[in-house]
Each structure stands twice: as C-alpha cells, then as structure tokens.
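See structure below.
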Amino acid sequence: MTELLTFPAASATLLEPRLPQPKPSTSPSRPFVTLTFATSLDSSLSLAPGVRTRLSGPGSKAMTHYIRSRHAAILIGVSTLIADSPSLNCRITGAASQPRPIIIDPHLRWTPNPADKVLELARLGHGLAPFVLTGVEAQSLPAASVALLEQHGGKYIPLAATSSGPSGRMRFDWHVVFDVLFREGLLSVMVEGGGQIINSLLEPRFHALIDSIIVTIAPTWLGQGGVVVSPSGIRDSAGIPIPAARLSDVSWHPFGEDVVLCGKLHP
Ligand SMILES: NC(=O)C1=CN([C@@H]2O[C@H](COP(=O)(O)OP(=O)(O)OC[C@H]3O[C@@H](n4cnc5c(N)ncnc54)[C@H](O)[C@@H]3O)[C@@H](O)[C@H]2O)C=CC1
Ligand SMILES: Nc1nc(O)c(N)c(N[C@@H]2O[C@H](COP(=O)(O)O)[C@@H](O)[C@H]2O)n1
C-alpha cells in the first residue's frame with residue numbers, strides 16, 4: 001500500500017479561497033474548474049512529449065493531492081495517460097472520497113488494459129475508474145474496451161467534436177465538456193494537463209469557465225524540446241499582439257523549494 005501524504009492545516013487554510021466550496025451559496029450551472037499543473041522556469045511540463053518528469057517536490061506534491069481531495073473529478077489528455085500511466089487517485093490522509101478521472105480521448109488512442117495503473121487502483125478500491133470523453137460514436141466503440149471499463153465502474157461518453165485541419169484532428173468545445181460532466185453530477189473538476197489540454201483551455205473564449213488557477217513552479221529549466229504551456233497568441237482590433245492571458249488576485253506561496261502561484265482569469 002502506498003504511503004499517504006500529509007498536508008499541513010495552515011497550508012490548507014491559505015488555499016481555501018482558491019478551492020471549490022462544498023456548499024456553494026448559489027446553485028451552480030456548471031462545474032467549478034481549477035486549472036493546476038507543475039511547470040519549470042521555461043514553462044515546460046515535461047522534458048519531452050511522452051516523458052514523465054518529476055517537477056513537484058514533496059510539499060507541492062502533497063498540495064496537489066490535497067487539491068485532488070477537494071474535487072469531484074481530475075481531467076487529463078490521453079497523451080498524459082499514455083505517457084505517465086498515472087494513478088489519478090488521491091493519496092492524502094483524511095480524504096473523504098476519490099476523484100473521478102476524466103480522460104479526453106477524441107480519437108480513442110487509449111486501449112484500456114487490466115494492467116493499467118488507474119484500473120488496478122479501481123479494482124483495489126484505491127481510486128475510481130475513468131470516464132473517457134471521445135469523439136467516436138457509441139455504436140463504433142470497441143466492445144471489449146467498453147466491457148472492461150464498465151467492469152471497473154468507468155465508461156465512455158461520446159461527445160460531439162469539431163474536426164480541424166488536414167489531419168481531421170477532432171477537438172471538443174470546453175463548454176460542451178464541462179456541461180456533460182456537470183450532467184454526470186461532477187460539480188468540481190481539476191484540470192491537470194498536459195500541454196495541449198492546458199493551451200486549448202487557455203484560449204480567451206474559455207476563460208470564463210476557469211474559476212481558479214494554481215501553478216507549482218519548480219526551480220529548474222528543463223531545456224528546449226519539452227511540452228510547453230504557451231497558449232496561442234492573440235491580437236487586438238488594430239492587429240497589435242497582446243498577452244494571451246494574465247492572472248489577477250494573485251498570491252504566491254513557497255512550498256519547500258517550489259513556489260505555488262494562485263490566481264484568477266476573471267473577477
Ligand atoms: N507537470 C505537470 O503538471 C504535468 C505534466 N504532464 C506532461 O505533459 C505531457 C503530455 O502533454 P501533451 O503531449 O501536450 O498531451 P495532452 O495530455 O495534453 O494530450 C493531448 C491529447 O489530448 C486531446 N486533446 C487536447 N485538447 C483537446 C481538445 N480541446 N479537444 C479534444 N481533444 C483534446 C488530443 O487527443 C490530444 O492529442 C506528458 O509528458 C506529461 O508527463 C501532464 C500533466 C501535468
Ligand atoms: N503536480 C504535478 N507535479 C509533477 O511534477 C508532475 N509530473 C505532475 N504530473 C501530473 O500528475 C499525474 C501523475 O499523477 P499520479 O501521481 O500518478 O496520480 C500526471 O499524469 C500528470 O497529470 N503533477
């Protein structure tokens with residue numbers, strides 16, 4: 001059994017204004033969305049695509065698991081699932097429940113296997129099986145994968161997607177993604193990455209969907225060739241480049257050798 005992490009109460013108090021409230025004062029119409037990831041000083045999430053890279057130190061790692069404990073779902077892109085074979089569970093003392101892993105896999109690149117860590121943990125009762133959001137229609141889903149996911153308590157959720165470019169790459173509208181998760185009863189979603197997921201969510205048309213941003217910055221440069229967080233550039237009406245996004249209501253919190261930056265994209 002993996003050792004549980006602890007997160008000090010004083011640090012939890014600092015994060016409290018940045019997290020979804022168990023009983024919100026008004027009834028929500030979409031999930032509370034927290035965008036959170038660990039980055040290097042050169043804005044890299046990993047050394048190269050497909051390479052699992054440890055950036056968070058022990059303190060900020062415990063923070064990530066505390067944040068997981070406060071969300072109903074954790075969302076990642078399929079490339080992160082394939083690269084990292086993550087656990088996607090919450091390994092902190094006192095966690096009341098496990099978050100639901102959500103995998104964004106429009107083209108069904110992931111073939112579930114009983115040996116996948118996320119499924120193994122679901123079997124052991126140490127996590128939940130994923131919901132896989134896909135652009136593949138229900139009748140075209142592979143029966144064996146459907147059965148395996150369902151045996152573990154997960155499922156596929158086919159979703160309308162738009163195709164773009166000559167590659168016919170399918171893309172979801174984030175409004176549609178969060179709407180479907182809300183209808184599944186998932187009232188808070190922690191988006192963890194990877195790069196493509198974060199960069200597409202940071203497009204200006206989706207800013208209103210993001211309630212909180214929590215970024216762990218590790219004191220390292222990973223160098224060129226990494227998976228970088230850098231959303232598409234935008235221009236004003238005169239064609240002058242302007243920042244793609246800027247945080248307000250900012251606070252900085254040291255955690256061991258890392259620093260955690262919290263902020264919002266809108267008031
Ligand atoms: N340091 C950190 O906190 C984290 C690091 N990572 C790292 O990031 C790397 C993976 O990142 P990426 O290669 O950028 O892949 P990714 O994890 O963002 O997945 C990319 C795939 O997700 C799907 N996707 C992304 N946006 C979509 C949209 N709007 N609609 C529909 N489908 C969409 C597409 O299938 C795309 O090919 C890995 O090396 C992983 O280790 C991942 C998460 C957190
Ligand atoms: N917060 C954070 N710090 C890092 O250094 C990381 N590499 C990541 N990666 C994300 O966490 C997932 C791994 O989760 P498990 O510990 O296996 O549950 C990985 O898939 C990335 O989303 N995050």
Side-chain angles (χ1 to χ4, degrees), residues 2 5 34-40 42-69 74-92 98-99 101-110 116-118 120-121 126-128 130 132-136 159-165 167-178 180 190-203 205-206 209 213-218 220 222 225-232 255-258 260:
T2 316
L5 303 163
T34 305
L35 173 59
T36 183
F37 54 91
T39 179
S40 66
D42 43 357
S43 203
S44 272
L45 297 175
S46 67
L47 282 159
V51 176
R52 184 172 175 140
T53 306
R54 190 184 66 76
L55 283 162
S56 302
S60 52
K61 184 176 178 192
M63 178 200 73
T64 297
H65 281 266
Y66 177 71
I67 300 173
R68 285 182 178 183
S69 78
I74 313 177
L75 183 151
I76 59 165
V78 64
S79 300
T80 295
L81 180 74
I82 291 169
D84 291 4
S85 187
S87 302
L88 298 179
N89 63 356
C90 177
R91 306 188 291 278
I92 194 108
Q98 287 290 341
I102 307 294
I103 312 301
I104 301 292
D105 189 5
H107 294 279
L108 231 48
R109 282 174 50 213
W110 179 50
D116 289 323
K117 200 183 286 177
V118 68
E120 189 189 336
L121 289 165
H126 295 159
L128 300 180
V132 180
L133 272 49
T134 182
V136 175
L159 214 58
T162 50
S163 298
S164 67
S167 64
R169 199 178 62 160
M170 283 196 265
R171 281 290 174 261
F172 299 138
D173 179 326
W174 287 103
H175 296 94
V176 176
V177 169
F178 294 128
V180 86
M190 173 175 176
V191 177
E192 289 203 7
Q196 291 186 39
I197 291 284
I198 296 169
N199 290 333
S200 76
L201 185 57
L202 283 174
E203 283 177 31
R205 66 193 165 120
F206 301 129
L209 295 173
I213 299 198
I214 304 176
V215 181
T216 295
I217 302 167
T220 182
L222 292 184
V227 174
V228 170
V229 174
S230 182
S232 300
F255 280 89
E257 292 189 337
D258 303 333
V260 169

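Indexing begins at 1, ligand by ligand and atom by atom, following the structure's order.
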- line: dist His65:NE2 -> Leu5:CG (nearest 0.5 Å) comes out at 5.5 Å
- prompt: Does the N or O separation between Glu192 and ligand 1 drop below 3.5 Å for any pair?
  reply: no
message: Tell me the protein heavy atom at minimum distance from atom 25 (C) of ligand 1, and give that distance in Å.
response: Ile197 CD1, 3.4 Å
query: Quick one: nearest non-hydrogen protein atom to atom 39 (O) of ligand 1, plus distance?
result: Ser46 OG, 3.0 Å
Which segment of His107 sits under 4.0 Å of ligand 1 when only heavy atoms are counted: neither
field: Sub-4.5 Å side-chain heavy-atom contact between Pro99 and Leu128
entry: no
message: Give me the nearest non-hydrogen protein atom to atom 10 (C) of ligand 1 as residue plus atom name, then the distance to 0.1 Å.
response: Thr80 OG1, 3.4 Å
message: What verdict does the side chain to side chain donor-acceptor pair (under 3.5 Å) test give for Gln98 and Arg91, after you've listed the backbone C-alpha separation in whole Å, the side-chain angles of each residue and the deciding distance to 0.1 Å?
response: CA-CA 9 Å; Gln98 287 290 341; Arg91 306 188 291 278; over 6 Å; no
message: Side chain or backbone, does Gln196 bring an N or O within less than 3.5 Å of an N or O on ligand 1?
response: yes
- prompt: Which heavy-atom pair separates Trp174 from Ser200 by the least distance, and what is that distance?
  reply: NE1-OG, 3.0 Å
task: Return yes or no for this condition: an N or O of Pro106 is under 3.5 Å from an N or O of ligand 1.
output: no
Flag side-chain contact, heavy atom, 4.5 Å: Arg109 against Leu81: no
message: Under a 4.0 angstrom heavy-atom cut-off, which atoms of ligand 1 come close to Leu45?
response: 1 (N), 2 (C), 5 (C)
- prompt: Looking at residues at least two apart in the chain, or sitting in another chain, which of them share a side-chain contact (heavy atoms from CB on, under 4.5 Å) with Val227?
  reply: Leu45, Ser46, Pro49
message: With a cutoff of 4.0 Å, is Thr53 in contact with ligand 1, counting heavy atoms of the residue only?
response: no
message: Rounded at 0.5 Å granularity, tell me how far OG in Ser79 sits from CD1 in Ile104.
response: 12.0 Å
- prompt: Taking C-beta and beyond as the side chain, do Val132 and Trp110 meet within less than 4.5 Å on heavy atoms?
  reply: yes
- prompt: Yes or no on side chain to side chain contact (heavy atoms under 4.5 Å, CB included) for His175 and Phe206, after CA distance, side-chain angles and deciding distance?
  reply: CA-CA 8 Å; His175 296 94; Phe206 301 129; 3.7 Å; yes
query: Taking the minimum heavy-atom distance to atom 20 (C) of ligand 1, which of Ser79, Gly77, Pro86 ranks first?
result: Ser79
query: Any idea which atoms of ligand 1 are less than 4.0 Å away from a heavy-atom of Trp174?
result: 29 (N)
- prompt: Hey, which residues fall under 4.0 Å of ligand 2 on heavy atoms?
  reply: Ala38, Arg52, Thr53, Arg54, Leu55, Ser56, Thr64, Arg68, Ile76, Thr80, Asp84, Pro86, Ser87, Leu88, Arg91, Glu192
- line: A student checking ligand 1 against Phe37 at a 4.0 Å heavy-atom cut-off should list atoms 3 (O)
- prompt: Is there side-chain contact between Ile103 and Ile76, with heavy atoms separated by less than 4.5 Å?
  reply: yes
query: Does Asp258 reach the main-chain N or O of Gly57 with its side chain, forming a donor-acceptor pair under 3.5 Å?
result: yes
message: Quick one, Thr39 and Val229 - any side-chain contact, counting heavy atoms below 4.5 Å?
response: no
- request: Applying salt bridge (Lys or Arg N to Asp or Glu O under 4.0 Å), name anything that partners Arg54, two or more places apart in sequence or on another chain.
  value: none
Distance-only N or O hit between ligand 1 and Ser200, under 3.5 Å: yes
message: Which of the numbered atoms in ligand 1 are under 4.0 angstrom from any heavy atom belonging to Gly50?
response: 39 (O)
- request: Can you sort out which atoms of ligand 1 are near Ala38, meaning under 4.0 Å from one of its heavy atoms?
  value: 1 (N), 2 (C), 3 (O)
query: Would you say ligand 1 has an N or O under 3.5 Å from any N or O of Gly195?
result: yes
task: Report yes or no: does Arg169 have a heavy atom closer than 4.0 Å to ligand 1?
output: no
- prompt: With a 4.0 Å cut-off on heavy atoms, does Ala48 reach ligand 1?
  reply: yes
field: Point-to-point distance, once rounded to the nearest 0.5 Å, from CE of Met63 to CD1 of Ile214
entry: 6.0 Å
- request: Identify, by atom number and element, the atoms of ligand 1 in contact range of Arg109, meaning under 4.0 Å from any of its heavy atoms.
  value: 37 (O)
message: Using a 3.5 Å distance criterion without hydrogens, assess whether the side chain of Ser230 forms a donor-acceptor pair with backbone atoms of Val228.
response: no
message: Measuring from atom 34 (C) of ligand 1, which candidate in Arg54, Met170, Arg171 has the nearest non-hydrogen atom?
response: Arg171
- prompt: Would you say Leu55 has any N or O atom under 3.5 Å from an N or O of ligand 1, going by distance alone?
  reply: no
query: CD/Glu192 to CG/Leu35 distance, rounded to the nearest 0.5 angstrom?
result: 10.0 Å
- request: Determine, using heavy atoms of Val51 and all atoms of ligand 1, whether some pair is separated by less than 4.0 Å.
  value: yes
message: With a 3.5 Å distance limit and no angle check, can you tell me whether Ser40 reaches the backbone of Ser44 through a side-chain donor-acceptor pair?
response: yes
query: Does an N or O anywhere in Gly194 fall below 3.5 Å from an N or O of ligand 1?
result: yes
- line: Sequence neighbours excluded, the answer for side-chain contact (heavy atoms from CB on, under 4.5 Å) partners of Thr134 is Leu108, Val136, Leu141, Tyr156
Proximity to ligand 1 by part of Val227, non-hydrogen separation under 4.0 Å: side chain
task: Step by step, work out the side chain to side chain contact (heavy atoms under 4.5 Å, CB included) result for Ile213 and Thr36.
output: CA-CA 6 Å; Ile213 299 198; Thr36 183; over 6 Å; no
Protein contact to atom 30 (N) of ligand 1 [nearest heavy atom, distance to 0.1 Å]: Phe172 N, 2.8 Å
- request: List every atom of ligand 1 that sits less than 4.0 Å from any heavy atom of Asp84, numbering the atoms from 1 in the order shown and giving each element.
  value: 40 (C), 41 (O)
